[in-house]
Structures are given as structure tokens and as C-alpha cells.
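Written out below as C-alpha cells is the structure these notes cover.
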Number of protein chains: 2
Amino acid sequence: MAEGGAAGGEGLLYLTDDQLRKGIEAMFFAYRAFTSDPDRILAVHDYGRAHHRALHFIHRSPGTTVTNLLAILGVTKQSLNRVLRTLVEDGLVEARIGHADRRERHLHLTAGGLALERQLSDAQRARMRAAYRAAGPEAVAGFRLVLEAMMDADTRRHYLRLRDGT
Amino acid sequence: MAEGGAAGGEGLLYLTDDQLRKGIEAMFFAYRAFTSDPDRILAVHDYGRAHHRALHFIHRSPGTTVTNLLAILGVTKQSLNRVLRTLVEDGLVEARIGHADRRERHLHLTAGGLALERQLSDAQRARMRAAYRAAGPEAVAGFRLVLEAMMDADTRRHYLRLRDGT
DNA sequence: GAGTTTACGTCAGCCTTGTTGACTTTCCAA
DNA sequence: TTGGAAAGTCAACAAGGCTGACGTAAACTC
């Protein structure tokens, strides 16, 4: 509790437990919608959300290494490897041995990988665009501010590095 | 594509593909943080996210039926049933047979269920409160607006019914 | 040059939580 | 009163997290 309920009295009504609860529920329902369009496309190709995440971040940072991707995704290498292996086998991702350090695998999307990534992100952007347009630019700024404030410090570092040029 | 890239020219720069992509990534990273605190608590008790969701919505709508909960959570009844069964076995949830319709099960939290729900929502609210406070009231209003615009129409109905008194 | 560390891959096995299919009990309407 | 629909349960399978152990090659360090 500590500070819910009656609220300080000034302009802090947006911090009441009730307001926070609405935010929590909004987050839950919106995230489900957010993932639903890609999920439908992925199901057709017999892939899952994990494949989408890999495709997305390889697309964002072509040539990234496996270790790098692990830090961004926050999963174990065994988990990522399973997904990566199927993507390489299916010819959507290419894992090139590093020049300077031959232990590294630099990940790139193939033409096929780019095509699927495009299909997925088009769907996701379409929903986001509709929501942005409906809410307006000031709302969008606030949306981003709150989400960024919600991240862990470590995660925010990854996010900001991606957000502002690689 | 359709309208990304150069943008119409007016004040539509917030709808560029680049801006949308940042929103998408913010959503991904923030949601992970959003679920991390409850996840830690749940792990201690040997429960998962699905248990949290059930506890949350039973708390919100005491006496709700299984079918009702199904519509809100958007999973199959078999999936929900498994979670519900463990919660009932562990004495966190009580499933009372319906008066009017004996096929129905009306769900209630026990004292133990209320305690765990409180612990989980306290943790989740703490993070949300910190983010709200950091971003400020105008940002919070925008945050909610965008999330609501992102939901499917059906989901939004459930959300609004919960948002404005039961 | 030997030993340690790093990057990556893999096998095995576990858990949660989603799925479909088949089934019982209960209610209601023809 | 009977047949269909609705509410809920049991069984089995798959995706994708996880841990732990182990292997290999390359790089680094002393």
C-alpha cells in the first residue's frame, strides 16, 4: 500500500492504486493484441514468437553475434540455439564465421529471411500505426516515456543503443 | 510500407516506420520488465504467469465463472482448468457450485489466495508507480490512450467493463 | 609453449502453458 | 422426454523456456 487510496491530495491522483491497476490491465490486454498479428503469420510457417524475435533483432543489427543476441533477448543459449538452428536450416538466416575472431558467428538474414521479417513487421507496424494515429502525437510521446521508465536499467541500455543509431 | 519513410510532410513524423519500430521495441522490452517482478515471486511458490492471471481476474471479479474467465484470458478451458485445479488444490481459490445453474463454478479467492494476489500486485504496482512518477501525468494519459487503441475491439470491451466499475 | 578463458554448439531432461480430442454432467427447449 | 448445447474435466501432445554437463576451436596470458 504505502501511498494508494486517498492519494497525497495535490495532483497525484494518477498514482492511486486504482489508476495503476488500470495501467496494468491495459498493458496485459494491449500486449496480447500486439503479438497476435505476427503470431498468426508465424503459425502458417510453423514458427513461434521466439523465431520472430531472432529475425527482428538480426534484421536490426546485421552481423551481430550469438552472444550479443543472447544479451538482448535475455534467454539461454540453448534456447536461442534451437531457434537459430531451424532458421539456418530453413535458409532464413546465415551464420558467417568471424574475420577477426573465428570463434564468432555473425548473423545475417538471407533474402528469404528478409521477406518473412518484412511480412511480420509490416503486420506489427500496421497495428501500431493505427493506434498511434488514433491516439495522436502527444499520447505517443507519453506512451514511449512510460514504457522506457518501466524497463530495467540494463535492458534500457540495450534499448537506447538500438533506438539511437546502432 | 504505404506511408512510412518521408512522411506526408505535415505533423505526421510520429507515424514514420522508424518511430513505429521504436514503439514496437519499447513494448517488447517494457513488457518483459513488467512481468519480471511477479515472475520472481511466482517461482518461489512454484507457480507460473498463468496462475497470476487467474488470481488477478478472480480478485477483480469475485464470483466470476470459469466461462467468464475464459473470455477474458483468451485461452482454452483446458488450459485454464489445469491452472485453476492447482490453485483449488492448494487452497488459494474456492470453486462454488452455482445456485441457479449447477453447471457453473463461481470462483473466489481464499485468505491465502488474497495474500498471494496482494503480494504479486504490490510488486507490479511498485514498478508501475515508479514509471508513472518518472514520466508524469500527461505521459500516463498518453500511455493509456495508445494501449487502449492497440487492443482488438473484443478485448477492449472486456477491458472497459473492468476499467469502469464491474 | 602450456594453461586458461571465451564463443559457440549439443545432448539430455525438466516445467509451464498453450493446443486438440473425447468425455460427463447439467440445463433447457422442442 | 429426449436431444442438443453448455460447463467443466481428463488425457496427451508441442513449443519454448530452463538447468546441467560436456566438447571444440580459437584467442589470450603468463
Side-chain angles (χ1 to χ4, degrees), chain A residues 28 31-32 35-36 38-58 63-90 93-108, chain B residues 28 31-32 35-36 38-58 63-90 93-107 120:
Chain A
F28 168 68
Y31 193 77
R32 197 172 57 189
T35 55
S36 64
D39 280 356
R40 257 188 298 279
I41 296 170
L42 290 158
V44 173
H45 298 262
D46 261 308
Y47 288 132
R49 231 173 260 182
H51 299 85
H52 183 190
R53 292 197 280 266
L55 289 174
H56 176 94
F57 287 109
I58 294 172
T64 191
T65 63
V66 173
T67 305
N68 225 305
L69 208 48
L70 282 172
I72 289 175
L73 295 175
V75 297
T76 59
K77 64 175 174 177
Q78 294 90 330
S79 208
L80 175 58
N81 194 256
R82 189 180 0 188
V83 165
L84 232 35
R85 187 171 37 202
T86 70
L87 290 174
V88 169
E89 280 171 3
D90 296 352
V93 167
E94 195 186 347
R96 304 186 194 149
I97 292 178
H99 258 64
D101 188 335
R102 294 174 44 79
R103 292 172 304 177
E104 294 179 342
R105 299 288 177 273
H106 296 277
L107 304 168
H108 297 265
Chain B
F28 169 67
Y31 193 78
R32 197 170 58 188
T35 55
S36 64
D39 280 354
R40 257 188 298 278
I41 296 170
L42 290 159
V44 173
H45 298 263
D46 262 309
Y47 289 132
R49 231 173 259 184
H51 298 87
H52 183 191
R53 292 197 279 265
L55 289 174
H56 177 94
F57 287 110
I58 293 172
T64 190
T65 63
V66 173
T67 304
N68 225 301
L69 209 47
L70 244 35
I72 289 174
L73 294 175
V75 297
T76 59
K77 59 180 173 175
Q78 294 89 330
S79 201
L80 175 58
N81 192 257
R82 182 181 338 137
V83 165
L84 235 33
R85 186 173 38 204
T86 71
L87 291 173
V88 169
E89 280 171 5
D90 296 351
V93 167
E94 198 186 346
R96 304 184 193 150
I97 293 178
H99 257 63
D101 188 335
R102 294 174 41 81
R103 292 172 303 179
E104 294 179 341
R105 301 288 178 272
H106 296 276
L107 304 168
L120 291 166

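Below, all heavy atoms of this structure are taken into account, side chains as well, without hydrogens, waters or symmetry copies. Numbers restart at 1 for each chain; the letters A, B, ... are given by sequence-line order, proteins then strands.
- The nearest whole Å value for the distance from the CG atom in B:Asn81 to the C1' atom in C:dG18 is 14 Å.
- Residue B:Glu104 is the one, among B:Glu104 and A:Asp46, whose nearest nucleotide of DNA chain D lies closer to the 5' end (criterion: closest heavy atom).
- With values rounded to the nearest 0.5 angstrom, B:Thr64 atom OG1 is found 8.0 Å from B:Ile58 atom CD1.
- As a whole-Å value, the separation of B:Leu69 CG from D:dA6 P is 19 Å.
- Atom CG of A:Asp39 is separated from atom P of C:dG18 by 12 Å (rounded to the nearest Å).
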Problem set entry | Sugar-phosphate or base contact per nucleotide [nucleotides 17-30 of chain D; S, B, -; heavy atom under 4.0 Å] | BBBBB---BBS---
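- Separating the CG atom of A:Leu84 from the C1' atom of D:dG16 is a distance of 14 Å, rounded to the nearest angstrom.
- Residues that satisfy the side-chain contact (heavy atoms from CB on, under 4.5 Å) test with B:Thr67, not counting sequence neighbours, are B:Thr65.
- Separating the OH atom of B:Tyr47 from the P atom of C:dT16 is a distance of 11 Å, rounded to the nearest angstrom.
- Contacts of B:Arg53 classified as side-chain contact (heavy atoms from CB on, under 4.5 Å), with partners at least two apart in sequence or in another chain: A:Phe28, B:Arg49, B:Ala50, B:Leu73.
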Please set out all donor-acceptor pairs under 3.5 angstrom arising from side-chain atoms of residues 79-87 of chain B, sequence neighbours excluded.
| unit_1 | atom_1 | unit_2 | atom_2 | d |
| --- | --- | --- | --- | --- |
| B:Thr86 | OG1 | B:His51 | NE2 | 3.2 |
| B:Thr86 | OG1 | B:Val83 | O | 2.9 |

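- At a threshold of 4.0 angstrom between heavy atoms, the contacts of B:His51 are confined to the sugar-phosphate backbone, with no base atom among them.
- Computed from coordinates, the B:Leu42 CG to C:dT17 C1' distance equals 13 Å when rounded to whole Å.
- Atom-to-atom, NE2 of B:His106 to P of C:dT26 comes out at 15 Å; the value is rounded to the nearest Å.
- Scanning for salt bridge (Lys or Arg N to Asp or Glu O under 4.0 Å) contacts around B:Asp90 gives an empty result, with sequence neighbours left out.
- When the salt bridge (Lys or Arg N to Asp or Glu O under 4.0 Å) test is applied to B:Arg103, the partners found at least two apart in sequence or on another chain are B:Asp101.
- Going from atom CG of B:Leu70 over to atom P of C:dT20 covers 12 Å, rounded to whole Å.
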